[in-house]
Enquirer: 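Sharing a structure with you now.
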Number of protein chains: 2
Amino acid sequence: MFSPLIDELINALRILPGVGPKSAQRMALHLLERDKPGAAKLASSLQQAIEHVGRCKLCRTLTEQDICATCTNPQRDSRLLCVVETPADVLAIEQAGNYSGRYFVLLGHLSPIDGIGPEDIGIDVLLERLQNEHIEELILATNPTIEGEATAHYLAEQAKRLEVRVSRIAHGVPLGGELEYIDGGTLAHAFNSRQGL
Amino acid sequence: MFSPLIDELINALRILPGVGPKSAQRMALHLLERDKPGAAKLASSLQQAIEHVGRCKLCRTLTEQDICATCTNPQRDSRLLCVVETPADVLAIEQAGNYSGRYFVLLGHLSPIDGIGPEDIGIDVLLERLQNEHIEELILATNPTIEGEATAHYLAEQAKRLEVRVSRIAHGVPLGGELEYIDGGTLAHAFNSRQGL
Ligand SMILES: [Zn+2]
Ligand SMILES: [Zn+2]
């Protein structure tokens with residue numbers, strides 16, 4: 001309905017989660033009418049991030065470094081390793097403020113129905129770390145959803161075989177919810193009441 | 001809280017209207033975890049639009065052409081000229097479906113308090129057109145807000161001086177509302193019951 005380049009921009013904005021046709025139109029016109037410098041900044045940030053952001057070789061989180069800042073931080077307790085599904089979950093746990101160990105970010109969960117097996121979410125890398133590093137406790141903080149629970153169960157089995165102590169964060173977190181949206185207090189409680197598996 | 005390039009992308013996304021810190025984070029991680037091709041498409045669409053989209057020389061709407069498709073369309077009645085504030089308003093009126101004339105897009109409204117005078121919203125260009133073209137009716141469809149009303153009033157005065165017939169779309173549109181969010185039926189009604197000023 002607008003000129004081709006504007007229509008194209010409106011379509012491109014719709015890949016953003018939560019953005020429907022009406023808000024995409026509003027965003028495109030706002031940028032072109034009132035904030036071309038902001039649009040240019042957004043274009044170049046996207047370009048930079050696409051080009052340089054990959055995964056940390058140790059924990060698989062998103063980062064433009066080879067090894068991310070958390071993995072290289074000597075203040076973090078290397079004997080604790082917490083498994084989460086996404087980088088947003090790491091942020092949520094950090095904001096809860098009572099965990100000082102390291103993370104392993106699956107960037108997903110097991111989902112046989114979608115053809116997502118252990119190696120697709122880096123479980124091979126994780127098991128190698130459990131074999132080669134001195135990790136005293138593996139804390140499973142995948143989401144309390146069906147897939148998250150299945151992933152935690154699978155990881156617990158594997159870790160026990162390697163004789164690594166495993167725990168699951170407590171279910172103060174409402175079932176079916178997503179970790180990244182839980183308040184810090186509930187999350188801190190869940191960490192504190194974690195139980196050996 | 002994430003690595004620098006990711007934080008930068010999250011900040012850049014916040015220039016989008018209606019996007020707060022939490023949704024910006026969600027958008028950035030979604031793109032980097034799951035849709036790098038979509039992100040690349042968005043970056044290039046932004047770049048293309050920034051570079052090529054300017055204003056139509058005749059009606060001032062946003063377009064990458066010198067003269068936009070509506071202005072060059074011989075099917076449109078060149079004796080009717082409808083003044084709106086934004087390209088989104090043009091779209092809303094087109095979707096209402098009962099107007100066949102042309103448009104003039106102010107890309108704003110008079111606002112002395114913000115230092116926005118007649119020339120900042122192209123009124124000089126508009127008056128020149130009223131003098132040089134055979135326009136039988138100038139339809140004022142600025143928003144029924146204080147600034148939109150003031151702009152319509154100013155335009156009516158100027159057009160009368162040039163002996164051009166002026167009308168204002170009827171106030172079926174709720175006062176204080178924004179044209180682009182009104183349903184087509186109300187807008188069509190407002191067009192049909194427009195009154196000479
Ligand atoms: Zn890392
Ligand atoms: Zn035009």
Side-chain angles (χ1 to χ4, degrees), chain A residues 1-6 8-19 22-54 56 61-65 68-69 86-88 90-91 94-95 107-108 180-181, chain B residues 1-6 8-19 22-54 56 61-65 68-69 86-88 90-91 94-95 107-108 180-181:
Chain A
M1 279 306 300
F2 297 98
S3 66
L5 288 182
I6 301 177
E8 217 172 88
L9 175 57
I10 293 171
N11 280 332
L13 283 162
R14 295 201 49 197
I15 61 146
L16 297 171
V19 175
K22 198 82 191 171
S23 18
Q25 178 193 310
R26 219 182 152 199
M27 286 171 172
L29 294 176
H30 169 85
L31 293 178
L32 294 171
E33 284 171 32
R34 263 165 273 166
D35 196 6
K36 278 196 174 184
K41 180 88 183 46
L42 177 55
S44 83
S45 295
L46 281 165
Q47 204 52 63
Q48 286 290 312
I50 293 161
E51 222 167 280
H52 299 292
V53 172
C56 171
T61 199
L62 294 171
T63 176
E64 64 265 28
Q65 288 135 346
C68 78
T86 75
V90 172
L91 182 63
E94 288 296 294
Q95 283 167 347
L107 282 179
E180 78 174 281
Y181 297 108
Chain B
M1 280 303 303
F2 297 98
S3 65
L5 287 183
I6 301 177
E8 217 172 88
L9 176 57
I10 293 171
N11 281 332
L13 284 162
R14 294 200 51 196
I15 61 145
L16 297 171
V19 175
K22 198 83 192 174
S23 16
Q25 178 192 310
R26 218 181 153 199
M27 288 172 171
L29 294 176
H30 170 83
L31 293 177
L32 294 171
E33 283 171 32
R34 263 165 273 165
D35 197 5
K36 278 195 174 186
K41 180 89 183 45
L42 177 54
S44 83
S45 295
L46 281 165
Q47 203 55 62
Q48 286 291 311
I50 293 162
E51 223 167 280
H52 299 293
V53 172
C56 171
T61 200
L62 295 171
T63 176
E64 65 265 28
Q65 287 135 349
C68 78
T86 74
V90 173
L91 182 63
E94 287 297 294
Q95 283 168 347
L107 281 179
E180 78 175 283
Y181 297 107

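Please read these numbers as outputs of a predicted model, since none were measured by experiment. Letters go in sequence order (proteins before strands), and every chain restarts at 1.
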Enquirer: Heavy-atom pairs under 4.5 Å with chain A - which of B/Ser44, B/Ala12, B/Ser3, B/Ala49 has more of them than the others?
Expert: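 The candidate making the most pairs under 4.5 Å is B/Ser3.
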Enquirer: So what's closer than 4.5 Å to chain A heavy atoms on B/Ala40: side chain, backbone, both or neither?
Expert: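 Both backbone and side chain of B/Ala40 come within 4.5 Å of chain A.
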Enquirer: Check B/Ile15 against A/Ala39 and note the closest heavy-atom contact, atom names and distance.
Expert: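 Scanning both residues completely, I find the closest heavy atoms to be CD1-N, 3.7 Å.
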Enquirer: Between B/Pro17 and A/His30, what is the shortest heavy-atom contact and its length?
Expert: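 Taking every non-hydrogen atom into account, CD-CD2, 3.7 Å.
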Enquirer: Side chain, backbone, both or neither: which part of B/Val90 has a heavy atom under 4.5 Å from chain A?
Expert: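 The answer is neither part of B/Val90.
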Enquirer: Can you see which heavy atom on A/Thr63 is nearest to which on B/Ile6, and at what distance?
Expert: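 Where A/Thr63 meets B/Ile6 most closely, the heavy atoms are N-CD1, 4.3 Å.
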Enquirer: Roughly how far, to the nearest 0.5 Å, is the CG atom of B/Leu32 from the NE2 atom of A/His52?
Expert: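 Here the interatomic distance stands at 12.5 Å.
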Enquirer: Measure distances from A/Leu31 to the heavy atoms of chain B and classify the residue's part below 4.5 Å as side chain, backbone, both or neither.
Expert: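 Answer is side chain: those atoms of A/Leu31 sit under 4.5 Å from chain B.
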Enquirer: Could you tell me which portion of B/Glu33 (side chain, backbone, both or neither) has an atom closer than 4.5 angstrom to a non-hydrogen atom of chain A?
Expert: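 Both parts, backbone and side chain.
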Enquirer: If only atom types and distance count, is the side chain of B/Lys36 paired as donor or acceptor with the main-chain N or O of A/Ile50 below 3.5 Å?
Expert: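 Confirmed, B/Lys36 side chain pairs with A/Ile50 backbone.
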Enquirer: How long is the gap from NZ on B/Lys41 to CG on A/Asn11, to the nearest 0.5 Å?
Expert: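 Answer for the NZ-CG pair, B/Lys41 versus A/Asn11, is 7.0 Å.
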Enquirer: Which answer fits A/Gln25, side chain, backbone, both or neither, if we ask what part of it has an atom under 4.5 Å from a heavy atom of chain B?
Expert: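 The side chain, not the backbone.
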Enquirer: Hey, could you give me the CD/CG distance between B/Gln65 and A/Leu5, rounded to the nearest 0.5 Å?
Expert: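 Taking CD in B/Gln65 and CG in A/Leu5, the distance rounds to 9.0 Å.
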Enquirer: Name the region of B/Leu107, side chain, backbone, both or neither, that has any atom closer than 4.5 Å to a heavy atom of chain A.
Expert: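 For B/Leu107, side-chain heavy atoms alone lie under 4.5 Å from chain A.
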Enquirer: So B/Leu46 and A/Leu42, do their side chains get closer than 4.5 Å, heavy atoms only?
Expert: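 Yes; the side chains approach each other to less than 4.5 Å.
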Enquirer: On a heavy-atom basis, which atom in A/Gln47 and which in B/Ala43 lie closest, and how many Å separate them?
Expert: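 Closest pair (atom of A/Gln47, atom of B/Ala43, distance): OE1-CB, 3.6 Å.
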Enquirer: Is any side-chain heavy atom of A/Val53 closer than 4.5 Å to a side-chain heavy atom of B/Leu9?
Expert: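 No. Closest side-chain heavy atoms not under 4.5 Å.
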Enquirer: Under 4.5 Å, counting heavy-atom pairs only, tell me which of B/Glu64, B/Met27, B/Arg14, B/Glu8 racks up the most with chain A.
Expert: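 Looking at each of B/Glu64, B/Met27, B/Arg14, B/Glu8 in turn, B/Glu64 comes out on top.
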Enquirer: Counting only non-hydrogen atoms closer than 4.5 Å, does B/Glu51 touch chain A with its backbone (N, CA, C, O), its side chain (CB onward), both, or neither?
Expert: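 For B/Glu51, no heavy atom lies under 4.5 Å from chain A.
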Enquirer: Would you say the side chain of A/Leu91 lies within less than 4.5 Å of the side chain of B/Phe2, judging by non-hydrogen atoms?
Expert: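 Sidechains of A/Leu91 and B/Phe2: in contact.
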Enquirer: Only pairs of heavy atoms separated by less than 4.5 Å count here; which of A/Gly108, A/Pro87, A/Ala69, A/Cys68 has the most with chain B?
Expert: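 Ranked by heavy-atom pairs under 4.5 Å with chain B, first place is A/Pro87.
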Enquirer: Highest number of heavy-atom pairs under 4.5 Å with chain A: which of B/Pro4, B/Ser23, B/Ala28?
Expert: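 Counting heavy-atom pairs under 4.5 Å, the top option is B/Pro4.
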